[in-house]
Each structure stands twice: as C-alpha cells, then as structure tokens.
Amino acid sequence: MLALTHELGLRGANALTQAFGVDLTGKVIIDRSQKADLQCAAAMQLAKSLKRSPRELAEVLVKALAEHVAVKSTDIAGPGFVNIHLHDAWLKQNVGNALSLRQIGAGHTVVIDYSSPNVAKPMHIAHIRSTIIGDAIKRVLRAVGYNVIADNHLGDWGTQFGKLIVAYRKWLDEKAFSENPVVELLRLYIKFVDLEKEQKQALGKKLDGDEEDEGAAGDAPPILQEARAELVKLQQGDDENVALWQKFIDVSMREFERVYKRLDVSFDVVLGESFYNDKLASTVQLLLDRGLAEESEGAIVVRFDKARDGEALAPLLVRKKDGGFLYGTTDIAGMLYRVQRWNASRIIIVTDDRQQLHFRQFFAACKQLGVKASMEHVFFGLMRLPEGTISTRDGNLIGLEALLDEAERRATVVAKECNAELTDAETVEIGRVVGIAAVKYNDLSKDRTTLVTFTWDKALSLTGNTAPYLQYAYARIASLIAKGVDAGVSPGELASFEPTERALTMKLLAFDDIVEQVALSSKPHMLCEYLYELAAQFSSFYGELSVLKAEPAVSAGRLRLAQLTGDVLAKGLELLGIGVLSRM
RNA sequence: GCGCCACUAGCUCAGUUGGAUUAGAGCGUCGGCCUCCGAAGCCGAAGGUCGCAGGUUCGAGCCCUGCGUGGCGCGCCA
C-alpha cells in the first residue's frame with residue numbers, strides 16, 4: 001500500500017502548498033490508523049509554522065484526499081486528525097499486488113559484513129546472532145533491488161596464531177585433531193593461555209609498575225616470547241608457519257561451511273582479515289600523508305575532535321610501537337577496499353554492541369579519508385547464559401551445532417505427536433525444517449539491540465509467536481488449496497468482505513511497507529512481528545469463516561485471500577531465511 | 001571519571017521513530033472450542049504508577065535534563 005500512501009501524501013502536500021503558498025513537498029505523511037484505514041496528522045504538525053489553525057489545514061487535506069479514487073470518505077477528528085476510509089472495491093482489486101516491492105535499492109550496491117567467526121574456534125550459540133541477522137538483512141536488501149555483496153570477514157589473522165602455532169607443535173593430540181580439529185585447536189589455545197598466565201604470575205607483579213618495558217622481550221613470559229617469534233615468522237612468510245596457518249583456516253572453514261549449510265546462509269565473498277595484510281602499511285601512510293594520523297608514544301594514532309568529527313572520540317591506534325598493525329587498521333583498509341572495488345553506497349557491518357566505540361572511531365577516520373558511503377554499524381546485544389557471560393575460559397560454551405541438533409530433535413518429536421499420518425522420513429525432514437526455523441526466528445524476532453539470555457526452552461519453543469506458528473499457518477493454507485482443487489474450487493475475485501476478510505486484506509497490503517522499513521533500519525524483527533500478526537489474522541479469519549463450504553463465489557474469493565496470505569508468509573519467511581512446508 | 005546499550009504484565013518481548021479516554025502479544029494461570037476446511041490452532045478472563053523525578057507541547061512508553069538499577073566499553077588483543 002506504499003504506492004497509495006505516497007500518492008495521498010503528495011496530493012495532500014500539493015493542496016496545502018497551493019492553499020498557503022509555502023512549499024510543503026514531502027511534509028505530509030500518511031500513516032496507518034486504528035480508527036480508520038489511514039490517517040494523517042500533518043495538519044497539527046504544520047499548523048504552527050504556517051501560523052494557521054490545525055482545523056484550517058485539515059479542511060484542505062480532507063477535500064484534497066477525498067478526490068483520490070481509492071478514498072471513500074474523509075473526516076476530521078480530535079485536534080485535527082484526518083481520517084481516511086478506503087473503498088472496499090479498491091482494496092479487493094489491489095490486494096493482488098501485495099507482494100510487489102518498490103525497488104528502492106535499484107542502482108545501488110551495498111556490502112554487508114556478517115558472521116565473521118574466528119578461525120580455530122568453534123561456532124557457539126552467540127555466533128548465531130550476527131550470522132542470522134546479517135543473512136536476513138542481506139535477503140531483504142536484495143528483495144528491494146540492491147546489488148548486495150555479502151562478505152564473511154573471517155578472523156583469520158592476529159596474535160593468536162603465534163600462540164596456536166607454538167601450542168600445536170608442543171601439545172598436539174593427533175587423534176583428537178583428526179576427529180574434531182577445531183575442538184582440539186581450542187584445547188591447545190586454552191592450554192597456551194593458561195600456561196602464559198602461570199608464567200606471568202611466576203615472573204611477579206613488578207610488570208604492573210613498569211609498563212614502559214612490558215613489550216620488551218626480556219620481561220614477557222617465555223612461552224609468549226616463543227609465540228611472538230612464530231608470529232613474526234608467519235608474517236614474514238615462513239613456509240612451515242604459513243602452511244600451519246593455512247591448515248587452521250581450512251579445518252575451520254570446513255566446520256563453518258557445515259553450519260552455514262544447515263542454516264541456509266551464504267556469502268558472495270570471504271575476505272578475512274588476512275586479505276588486507278598487504279594494504280595496512282599503505283593505509284597508515286595514507287593517514288599520515290593526509291595529516292590525519294600522528295606519532296604518539298611510539299605508536300601511530302588517529303585523533304578526533306568535536307568540531308570536525310561531531311564528537312570528541314578517544315584516539316584510534318593504527319600502528320603499535322613495535323610496528324605491528326591493529327584491527328582498526330584492517331577495518332579502515334577494508335572500508336577503502338570495499339568502497340573502491342564495488343563502488344558501494346552503503347556498508348553494513350553486523351557485530352555485537354561492545355564494539356560501538358571502535359566503529360564510531362573508524363567510521364570517523366574513514367569520513368576524514370573521504371568515504372562518502374553510508375557506513376552502518378548494525379549491532380546486537382550480547383548473548384549470555386542464565387549463570388553469566390559466555391566465555392571460552394569458563395568452558396560454558398554451547399556449540400551451535402549442538403543447539404541445532406537439539407532443535408531438530410525436539411521438533412521431530414512434536415511433528416510425530418501432531419501428525420500420525422506422516423512417514424518417518426517426512427517426520428525427520430519436518431523436524432529439520434521446523435527446528436532450524438524455530439532457532440532462527442527466536443533470534444530474529446527480538447529487537448537486535450536487546451541483550452538475550454539463552455535458555456533451551458525459549459530458544460526451542462514451538463508454540464506461540466514462533467516460526468512453527470507461521471509455518472503451521474502456511475501448511476493449513478496449502479492444505480486448503482489442495483482440498484479446493486479436489487472440490488473444484490479455485491481462487492477468484494473477492495466476493496464477500498466480512499470484517500475479518502477486510503482486516504486480512506489490509507494486513508496483506510502492509511507487506512511492502514514493512515519490508516521497506518526493514519531495508520532502511522536493518523531490523524528484521526519488524527518483519528517477524530508483521531508475519532506473526534498476519535498469521536494471527538489469518539487464523540482468526542479461518543476460525544470464523546468457512547472457506548470451502550460457502551457459496552461458490554464466496555469460496556473462490558476466500559480461497560484467494562488464503563492463497564495470498566500463503567504467498568506473503570512464504571515470501572516473508574524466505575526473506576528471513578526460513579523455509580515453509582506444505583505438510584507438517 | 002567519561003561513554004554506549006537497556007529498564008513496559010509473574011516471565012520473555014512488541015509498541016509503526018511524537019499521535020487519538022481501552023499501552024499490545026507470547027509463555028504461564030483460569031474458563032470455553034475437535035461429529036464441521038489441520039487443536040503446533042481458535043475464543044474469552046485475570047494480570048500495568050511504561051525504573052524514579054522534573055522538563056519540552058495541542059499530545060510523551062518514545063524527545064531533553066538529573067538520578068537509580070543491570071550489562072558492556074574507554075592506546076599498543078580482536
């Protein structure tokens with residue numbers, strides 16, 4: 001219905017512009033309403049600046065809007081609200097366009113960076129947020145016409161690789177590695193960190209008061225010195241170390257791919273941190289040349305000031321005093337690369353909210369370097385467990401695959417209970433689709449900025465506002481249509497228009513509006529909310545009215561509404577990365 | 001010390017970016033509905049000082065200020 005609200009908004013703005021001689025283009029917004037089909041609050045919003053009474057403006061709007069073919073009547077209510085009632089005939093005629101989306105992204109390229117797991121660490125339940133939310137945003141942006149580049153910015157570089165190489169050579173358990181390489185790598189890493197801590201304590205606490213020398217080789221724990229040496233060799237291209245590093249990446253990617261396949265998540269490119277290695281020195285040089293970076297205590301930093309950058313941010317470190325680079329350097333290099341290579345007008349990066357400061361810093365630096373693209377940090381709240389923060393150290397990781405396994409298992413049990421006619425193979429397939437959907441929807445349906453506390457029962461719930469509810473509505477519709485075919489009823493023009501049918505129609509027509517809002521705000525939960533309301537509206541309609549057992553003309557119309565609902569549900573769920581089933 | 005995010009029903013969350021005398025869902029609780037298109041469902045009930053106090057205006061759960069609680073950040077990790 002976006003097209004209609006836009007038309008009405010334009011019409012209203014033109015009328016006011018003509019009446020008062022002030023250009024008000026774009027100032028009249030048409031909203032949904034509980035009291036009417038649509039409403040307009042512009043009269044009150046604009047009254048003050050025009051020095052007119054809201055009533056006066058409302059009179060103009062009422063007259064202008066009433067002339068549109070879709071509008072049956074208009075009236076003024078309260079302090080100056082304009083209520084708009086639409087013709088039933090118009091709604092019936094236009095409901096078939098519910099699935100068409102304005103291509104607001106046409107001609108634009110957006111790069112979206114999500115998932116981005118760390119190599120050599122298993123994916124656990126917290127990784128699902130970036131992965132699932134990012135993938136849904138990607139699908140929505142594509143649906144509204146953007147050329148989308150989905151980029152998995154792997155954590156495949158950095159100091160941890162020196163540690164891993166040392167630990168691998170010292171303590172590798174071959175058998176464990178061949179059975180589950182990533183778990184073994186995690187064990188090795190933890191073992192290293194434990195030893196490092198031990199040695200540090202043995203060295204005494206004098207390091208605290210002597211920060212100047214902390215980086216000096218002499219005072220660091222021996223094991224850490226070894227790791228640093230291996231890291232330097234790796235960075236210099238030492239064959240053996242590079243081979244090991246590549247091996248870590250390969251085994252990790254194999255595991256990631258397995259998870260992505262189960263989740264139906266995909267990327268266009270996988271450009272990890274290491275991809276930008278050869279661009280870091282020149283990035284720092286560029287910052288220096290532009291006068292944006294300066295030396296400070298041996299390091300190179302970018303400073304910000306309120307007048308130029310809009311806020312007084314802490315400095316961003318781009319080169320350590322030992323010459324090494326940091327992830328801020330990589331991020332800036334990545335931004336420049338993405339803008340140049342793809343000529344992207346939007347860059348979206350999906351990470352948890354702890355990194356907000358970092359993103360504001362590096363976005364500000366990019367702006368100073370002339371990046372014109374819209375840079376958006378799409379952040380989400382951290383996931384925690386009821387007993388506290390998820391941490392590798394505490395060993396309370398819940399593996400992502402374990403979660404998916406359990407989800408499928410529970411959904412399979414329920415599928416068997418609910419539908420005895422299904423074969424075992426069907427039950428397993430349904431359990432798979434429904435279980436994965438439940439996990440995804442659980443994450444997608446909450447505003448991404450809220451902190452979530454993970455519990456099995458919530459994450460795997462199958463009733464109420466969940467994916468299975470939506471899938472169930474779809475399955476019933478599929479069943480209806482099949483029965484309609486048997487009975488010789490096929491979808492046709494809407495004949496009757498009971499209140500529930502009208503409400504369902506209005507809901508269907510809101511689809512394009514919601515999708516556009518998600519594309520602009522990167523908040524998929526709005527689509528979840530909408531689909532849930534749509535399914536609920538359908539369920540009411542279905543409970544209240546007979547579809548196939550009404551008069552033929554009425555049946556055809558109701559079947560059409562059901563079919564459109566099914567189409568929108570399937571399309572909406574597809575945009576969330578969730579599948580549907582015709583039987584469950 | 002500075003900054004970011006949150007605070008809405010017993011619990012988990014929405015609230016269309018400032019709109020309408022009844023602030024909405026789900027779970028849980030209580031009560032109805034399978035002889036009739038799929039009960040993973042439908043209908044109804046109970047449940048609220050929107051963290052607290054001020055402010056802005058025609059109008060505030062939403063914006064501003066202060067405070068409280070929780071979580072997370074703040075130069076050589078990512």
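Each chain gets a letter, A, B and so on, in the order the sequences are listed, and its residues count up from 1.
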remark   = With the side chain defined as heavy atoms from C-beta on, A:R354 is closest, among B:rG73, B:rA20, B:rC4, to B:rG73

ask   = Reckon A:D447 touches a base, only the sugar-phosphate, or nothing at all at heavy-atom distances under 4.0 Å?
value = sugar-phosphate

ask   = When all nucleic acid strands are considered with a 4.0 Å heavy-atom cut-off, which category describes A:G543: base, sugar-phosphate, or nothing?
value = nothing

remark   = On RNA chain B, more 5' by nearest nucleotide between A:Q517 and A:S296 is A:Q517

key: Phosphate OP1/OP2 of B:rC72 contacted by A:T389 side-chain N/O (<4.0 Å)   = yes

query = So what does A:L545 hit on the nucleic acid, given a heavy-atom distance under 4.0 Å: a base, only sugar-phosphate, or nothing?
reply = base

key: Pairing partner (Watson-Crick or G-U wobble, both distances under 3.5 angstrom) of B:rG44   = B:rC30

key: Integer-rounded Å distance: B:rG15 P and A:L527 CG   = 13 Å

task = Sticking with atom P, work out how far B:rA46 lies from B:rA40, rounded to a whole angstrom.
result = 27 Å

query = Atom CG of A:L231 to atom P of B:rA78: distance rounded to whole Å?
reply = 10 Å

ask   = What's the CE-C1' distance between A:M526 and B:rG15, to the nearest Å?
value = 10 Å

inquiry  = Any donor-acceptor pair, under 3.5 Å, between the side chain of A:N83 and the base of B:rA20, if you only look at N and O atoms?
reply    = yes

query = Considering only B:rC76, B:rA20, B:rA39, which nucleotide approaches the side chain of A:L326 most closely?
reply = B:rC76

request  = Mind checking the CG-CD1 spacing from A:L444 to A:I133? Nearest 0.5 Å is all I need.
outcome  = 6.5 Å

inquiry  = Counting the atoms with a prime plus P, OP1 and OP2 as sugar-phosphate, which does A:S540 contact under 4.0 Å by heavy atoms, base, sugar-phosphate, or nothing?
reply    = sugar-phosphate

message = So A:E273, base contact, sugar-phosphate only, or nothing? Heavy-atom distance under 4.0 Å.
response = sugar-phosphate

key: Proximity to the side chain of A:R303 - top-ranked nucleotide from B:rG75, B:rC37, B:rA78   = B:rG75

task = Just call it for A:Q39: base, sugar-phosphate, or nothing, with non-hydrogen atoms closer than 4.0 Å on any strand.
result = base

task = Give the nucleotide from the list B:rA78, B:rC5, B:rA20 with an atom nearest to the side chain of A:A77.
result = B:rA20

inquiry  = Syn or anti for B:rU17? Use the chi torsion, O4'-C1'-N9-C4 for purines and O4'-C1'-N1-C2 for pyrimidines, with syn inside 90° of 0.
reply    = syn

inquiry  = Taking only the C1' atom of each, what is the distance from B:rA9 to B:rG24 in whole angstrom?
reply    = 11 Å

note = Per the O4'-C1'-N9-C4 / O4'-C1'-N1-C2 angle with a 90° window around 0, B:rC36 comes out anti

message = Working note: A:F538 + A:F541, criterion ring pair (Phe, Tyr, Trp, His ring centres under 6.0 Å); need CA distance, chi angles, decisive distance, verdict.
response = CA-CA 5 Å; A:F538 173 78; A:F541 157 83; 5.7 Å; yes

task = Return the nearest nucleotide to the side chain of A:L548; candidates are B:rC37, B:rC74, B:rG19.
result = B:rC37

ask   = Which whole number of Å gives the distance between the C1' atom of B:rC30 and that of B:rC13?
value = 23 Å

note = Separation of B:rC77 atom P from A:H358 atom NE2, nearest Å, is 14 Å

message = Please classify the nucleic acid contact of A:T500 as base, sugar-phosphate, or nothing, using heavy-atom distances under 4.0 Å.
response = nothing

message = Between C1' on B:rA6 and CZ on A:F380, what's the gap in Å once rounded to a whole number?
response = 16 Å

remark   = Contacts of A:Y327 and A:P315 projected onto RNA chain B by closest heavy atom; the upstream (5') one is A:P315

note = Quick note, A:R384 side chain, CB onward, closest among B:rG38, B:rG71, B:rC77 is B:rG71

Watson-Crick or G-U wobble mate for B:rU69, both contacts under 3.5 Å = B:rA6

task = Look at all strands and tell whether A:E297 reaches a base, only sugar-phosphate, or nothing, counting heavy atoms closer than 4.0 Å.
result = base

task = Just say parallel, tilted or perpendicular for the rings of A:Y276 and A:H153, cut-offs at 30° and 60°.
result = tilted

inquiry  = How many whole angstroms separate atom CD of A:Q361 from atom C1' of B:rC4?
reply    = 12 Å

query = Which base, if any, makes a Watson-Crick or G-U wobble pair with B:rA60, both distances under 3.5 Å?
reply = none

task = Among the candidates B:rG71, B:rC77, B:rG3, find the nucleotide nearest to the side-chain atoms of A:R360.
result = B:rG3

key: Nucleotide nearest A:K320 when distance is taken to its side chain, options B:rA39, B:rC5, B:rC77   = B:rC77

query = Does any nucleotide pair with B:rU16 by Watson-Crick or G-U wobble geometry, both distances under 3.5 Å, and what is it?
reply = none

request  = Determine the interatomic distance between C1' on B:rG48 and the same-named atom on B:rC11; round to the nearest Å.
outcome  = 15 Å

request  = Considering only atom P, compute the distance from B:rA45 to B:rG15 and round it to an integer number of Å.
outcome  = 25 Å

key: A:Y469-B:rG41 aromatic stacking (under 5.5 Å, under 30°)   = no

Distance, P atom - from B:rA23 to B:rG61, rounded to whole angstrom = 10 Å

request  = Decide if the gap between the ring center of A:Y469 and the ring center of A:Y472 is smaller than 6.0 angstrom.
outcome  = no

message = Taking pairing as Watson-Crick or G-U wobble with both contacts under 3.5 Å, can you name the mate of B:rG1, or confirm there isn't one?
response = B:rC74

query = P atom, B:rU49 versus B:rC34: distance in rounded Å?
reply = 38 Å

key: Cation-aromatic face contact A:K121/A:Y189, 6.0 Å, 45 degrees   = yes

message = Output the rounded distance in Å from CZ (A:F379) to P (B:rC5).
response = 6 Å

message = Heavy atoms only, 4.0 Å cut-off, all strands: where does A:S546 land among base, sugar-phosphate and nothing?
response = base

task = Would you mind classifying the nucleic acid contact of A:Y542 as base, sugar-phosphate or nothing, using non-hydrogen atoms under 4.0 angstrom?
result = base

ask   = Do A:E297 and A:K321 sit within salt-bridge range, that is, some charged N less than 4.0 Å from a carboxylate O?
value = no

request  = Determine yes or no for a side-chain-to-main-chain donor-acceptor pair under 3.5 angstrom, with A:R448 supplying the side chain and A:F379 the backbone.
outcome  = yes

key: Among B:rA14, B:rC37, B:rG75, the one nearest A:T450 by side-chain distance   = B:rA14

task = Please report the shortest heavy-atom distance between A:L422 and A:A415, naming the atom on each side.
result = CD1-O, 4.2 Å

key: Plane angle bin for A:F248 and A:F161 - parallel if under 30°, tilted between 30 and 60°, otherwise perpendicular   = parallel

key: Side chain of A:M44 (C-beta onward), nearest among B:rC77, B:rC13, B:rG19   = B:rG19

request  = Pick base, sugar-phosphate or nothing for A:A510, based on heavy-atom distances below 4.0 Å to the nucleic acid.
outcome  = nothing

ask   = Contact class for A:A415 (heavy atom, under 4.0 Å): base, sugar-phosphate, or nothing?
value = base

query = Say you pick atom P in B:rG59 and the same atom in B:rG73; how far apart are they, in whole Å?
reply = 42 Å

remark   = In terms of heavy-atom contacts, A:G431 and A:A411 come closest through O-CB, 3.4 Å

Donor-acceptor pair under 3.5 Å, A:S479 side chain vs B:rG38 base = yes

request  = Please state how far atom CD in A:Q34 lies from atom P in B:rG19, giving the value in whole angstrom units.
outcome  = 11 Å

